[in-house]
Amino acid sequence: MTKELIPQQPLHPSVVARLDPEYIEFHNATLQYIVPPHTLAWDPAIRNGPVVPGGSPPLDVAKTQDFDLKYTKIRTFTPHGTVPEGGWPVFIFFHGGGWTLGDIASETSFSTHMAVGAHCVVVSVDYRLAPENPYPAAVEDAVDALDWVMQNGANSLGLNTSRIAVGGSSSGGNLAAILALKAAERNPPIPLVFQLLVVPVIDNTASDNNLWAENQNAPWLSPDRMSWFRNNYLPHIEDRTKWDASPIFAPTELLTKVPSAWIGVAALDILKEEGILYGKKLKELGVKVETVTYEGAPHPIMAMDGK
């Protein structure tokens, strides 16, 4: 006898007309039956499933290696082909999952696509997760990863440490934006060349009373789910306005020093407005920024490239 599937997160009627039909089909067939993690009693076993179903298979790369950091590790993806003159460009990547879910393998597909498509070495960071390791543990691991690249990258992987970009999705986009600021803060600064921020968390004070209001009924990343992630990672409210938790609050003198940015936001995502505002703020300060809004798309669209 087949067990009846019970919808756990059906699409809200108010957003259906705005969603991409292909997403609607996938959500109704698969996603709506997944129990949202924030509705369950906390158990680390929640992490055992994919953070976002629907991803494509990884691409073939020449070499995959793991290296230990102080508290965690990194995984590197080296593409096939000839090493560019001066060494491989580097892309330091942070996975999504609300600082709570995901691991070094959860976005391998994206890492390998970046390695092949950009012809660079991707360094994926297995940063420590909340609630066991709340803020600022993930930030410390991000900085540690950059330091490892600067100190060991050339000898261990043939990296060109004058060509380092950073990037991430969702909470990983938050860490990438913060790492760009941390690099600028160094004395002397570490001159990063680019930041790629995909549906990033930029303002950890946002709520459905302000920036989240327009998309509070959007699928997958609801205000309740995002608040659960935030409470896991930032249990102390006073930490949420610190710039290494919320990059939007970084001082002007640091924001002016960050590298060029590409910011991708989804039209049906509660994080859309904070991503757009960050792009506007950087641009007003003279930073080169391209902000792209993906119409019809909800928050997890980057990871759902498998169809």
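From a predicted model like this one, the values you see are computed outputs, not experimental measurements. If you read the sequence from its start, that first residue is 1, and numbering goes on from there.
In terms of heavy atoms, Asp269 sits closest to His299 at OD2-ND1, 2.8 Å. Closest of all the heavy-atom pairs between Asn217 and His12 is O-CB, 3.6 Å.
Within the structure, ring pair (Phe, Tyr, Trp, His ring centres under 6.0 Å) contacts touching residues 150-188 (residues at least two apart or in different chains) do not occur. Within the structure, ring pair (Phe, Tyr, Trp, His ring centres under 6.0 Å) pairs that include any residue of residues 99-123 comprise Trp88-His119, Phe93-Phe110, Trp99-Tyr233 (at least two apart or interchain). The ring pair (Phe, Tyr, Trp, His ring centres under 6.0 Å) analysis of residues 254-288, with sequence neighbours excluded, yields no pairs. The ring pair (Phe, Tyr, Trp, His ring centres under 6.0 Å) pairs that include a residue from residues 142-168 are Phe67-Trp148, where partners are two or more places apart or lie in different chains. Every pair passing side-chain hydrogen bond (donor to acceptor under 3.5 Å, both in side chains) that includes a residue from residues 131-140 is listed here, sequence neighbours excluded: Arg47-Glu132, Arg128-Glu140, Tyr135-Asp244.
Under the side chain to side chain contact (heavy atoms under 4.5 Å, CB included) rule, Leu159 has a single partner from Asn152, Val83, Val90, which is Val90.
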Let me have the donor-acceptor pairs involving side chains of residues 177-188, under 3.5 Å, with sequence neighbours excluded, atom names and distances please.
from   : atom 1 : to     : atom 2 : distance (Å)
Arg186 : NH1    : Asp147 : OD1    : 3.0
Arg186 : NH2    : Asp147 : OD1    : 2.9
Arg186 : NH2    : Asp147 : OD2    : 3.1

Can you give the donor-acceptor pairs under 3.5 Å from side chains of residues 280-297 to other protein atoms, not counting sequence neighbours?
from   : atom 1 : to     : atom 2 : distance (Å)
Lys281 : NZ     : Ile248 : O      : 2.7

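Side-chain contact between Pro247 and Ile202: present, with at least one pair of heavy atoms (C-beta onward) separated by less than 4.5 Å. For the pair Arg225/Pro37, a side-chain contact is recorded, criterion being any heavy-atom separation below 4.5 Å from C-beta on. Residues Val61 and Thr78 are not in side-chain contact: their nearest non-hydrogen atoms beyond the backbone lie 4.5 Å or more apart. Looking at heavy atoms from C-beta onward, Met304 lies in side-chain contact with Val52 at the 4.5 angstrom threshold. Contact of the Asn210 side chain with the Glu273 side chain is not registered, since no non-hydrogen atoms from C-beta on lie closer than 4.5 Å. Considering only heavy atoms from C-beta on, Asn204 comes within 4.5 Å of Asn174 through its side chain. Counting only heavy atoms from C-beta outward, the side chains of Trp220 and Leu268 never approach each other to under 4.5 Å. Taking the side chain as every heavy atom from C-beta outward, Leu146 and Ile190 approach each other to under 4.5 Å.
Applying the ring pair (Phe, Tyr, Trp, His ring centres under 6.0 Å) criterion to Tyr23, with sequence neighbours excluded, gives His27. Shown here are the ring pair (Phe, Tyr, Trp, His ring centres under 6.0 Å) partners of Tyr71, two or more places apart in sequence or in another chain: there are none. With sequence neighbours excluded, the residues satisfying salt bridge (charged side-chain N to carboxylate O under 4.0 Å, His left out) with Arg75 are Asp66. By the side-chain hydrogen bond (donor to acceptor under 3.5 Å, both in side chains) test, Lys272 is found to be paired with Glu214, residues two or more places apart in sequence or in another chain being considered. Under the salt bridge (charged side-chain N to carboxylate O under 4.0 Å, His left out) criterion, Asp224 pairs with no residue at all, not counting sequence neighbours.
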| request: Report the C-alpha distance between Leu271 and Val201 in whole Å, list the side-chain angles of each, state the deciding distance to 0.1 Å, and finish with yes or no for side chain to side chain contact (heavy atoms under 4.5 Å, CB included). | output: CA-CA 6 Å; Leu271 303 182; Val201 183; 3.7 Å; yes

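Aromatic ring centroids of His95 and Tyr127 lie under 6.0 Å apart.
Linking Ile, Leu, Val, Met, Phe, Trp and Tyr residues whenever their side-chain heavy atoms come within less than 4.5 Å leaves Val193 and Val121 in two separate clusters.
Considering CZ of Arg230 and OG of Ser171, their distance stands at 13.0 Å, rounded to 0.5 Å.
Other residues, nucleotides and ligands contribute at most 12 non-hydrogen atoms within 6.0 Å of the CD1 atom of Ile237.
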